[in-house]
Amino acid sequence: ALIYFITPTYPRREQVAELTRLGQTLMHVPRLHWIVADDRPDCSQQTMNLLPDFGIPYTYIASPMPAIYKRATDAIPRGVSNRRAAINWIRLNHNIDDTKAVIYFGDDDNTFHLDLFKEIRTTKKISMFPVGLVGEYAISSPIVEKGKVVGFFDSWPAKRKFPVDMAGFAINVQLLFKYPYATMPYKAGFEEDRFLSALSIQLEDIEPKAENCTRILVWHTQTAKKPKPTVMVRSKAALPGSLATLLD
Ligand code: UGA
Ligand code: MN
C-alpha cells in the first residue's frame, strides 16, 4: 500500500531545518507520497526549492490558519487548516478504487524510526501505536490486552474517547471516502479525538502495531525556538536573501 504522509508546517526560522531532517528520513521509505501542507496563504519559493532535493514524490500545498483562530487567547488549533487541505487533496486526487493507501499525520518536528512505515503500511482501517516524549508522562500509548486495545495511557485524558497523539495512529484511505464530510476540528487538544469520532472509529476497530504497542517508533520531539533579535540587525542587507530569511 502507498503511504500518504501529511506534514503540516509553518513559516518560521526553524522550518528549513525541520523539513530537511524529515525529508532525509522519508528518502528511505519506498512507496510514500509526501504532502507538505504549509500554514500560509501561498507556497513559498524557499520550500519549493527545497522539496525536490529529496527525490521523493511530493505535493506542496498552502492553507493558512483562519485569522479568527490566530487571535485566540488560549491554545490555537495548530496545523488544522493545512491538515484539512491535505485531507481534501487526497479526496480529490486519490483513485477511489484503490483501497489500499494509508494516511499518516507526521508533524515537521517529530522523529520517525524507519520501522514505523513497515508497521502502518498494513493498516486495514485504523492502527495505533505508542508515541514517545508526549506530555508529562513522556509516553502516550494504547493499552493492549490479548492483542486488543482496551484503553489508553496518556497524561491528558480530558474526557476524550481517544486520548492519542496525532502521531499515534494511521488510517486507511477508504475511511475518507466512506465519511466524505469527516474532517479535523478547529479545537486545540481535541483534533485527534474529534477526527477519529467523525470517522466512526470504535475501540474494537483499532489494530495495535509496533509489537502490540511495546515499541516506540515515533517521538514527539520539539525544536527549541531561536528568539528573534531584540536589536535591529544593521548589516542584514549585506546577506544574500536566502540567509536573510533566517532573521525574519
Ligand atoms: C505543542 C505544545 O508542546 C503542546 O503542549 C500543545 O498542546 C500543542 O502544541 C497544541 O497547542 O496543540 P506540538 O503539537 O508539538 O505541541 O505543536 P507544534 O509542533 O508547534 O505544531 C504541530 C504541527 O502543526 C507541526 O507540524 C507544525 O509545523 C504545525 N503548525 C504549528 C502549523 O501548521 N501552524 C502553526 O501555527 C503552528
Ligand atoms: Mn511538535
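Numbering of residues begins at 1 and proceeds along the displayed sequence. Counting convention: from 1, in listed order, for ligands and their atoms alike.
For atom 31 (C) of ligand 1, the nearest protein heavy atom lies closer than 4.0 Å. Within a 4.0 Å radius of atom 5 (O) of ligand 1, the protein contributes no heavy atom. When distances from atom 17 (O) of ligand 1 to the protein are checked, a heavy atom turns up under 4.0 Å.
Distances from atom 24 (O) of ligand 1 to the heavy atoms of Ser63, Gly79, Pro77 put Gly79 nearest. Scanning Asn110, Asp39, Thr9 for the heavy atom closest to atom 36 (O) of ligand 1 points to Asp39.
Between Phe117 and His28, the distance from one ring center to the other does not fall under 6.0 angstrom.
At a threshold of 4.0 Å, the pair Lys148-Glu145 does not count as salt-bridged, since none of the basic side-chain nitrogens sits closer than that to a carboxylate oxygen. One finds no salt bridge joining Asp39 and Arg83 here, because no Lys/Arg side-chain nitrogen approaches an Asp/Glu carboxylate oxygen to under 4.0 Å. Salt-bridge check for Asp115 with Arg215: passed, with a basic side-chain N closer than 4.0 Å to an acidic carboxylate O. Using a 4.0 Å cut-off between charged nitrogen and carboxylate oxygen, Asp193 and Lys161 do not count as a salt-bridge pair.
Ranking protein heavy atoms by distance to atom 19 (O) of ligand 1, first place goes to Asp109 OD2, 2.9 Å.
Residue contacts with ligand 1: Pro8 is placed with a nitrogen or oxygen under 3.5 Å of a nitrogen or oxygen of the ligand (distance criterion only).
The Mn ion (ligand 2) lies closest to atom OD2 when only the N/O/S atoms of Asp109 are considered.
A tilted orientation is assigned to the rings of Tyr104 and Phe5, their planes being inclined by 30° to 60°. The aromatic rings of Phe169 and Phe105 lie perpendicular to each other, with more than 60° between the two planes, well past the 30° mark.
Remark: distances from the non-hydrogen atoms of Ala188 to ligand 1 are all 4.0 Å or more.
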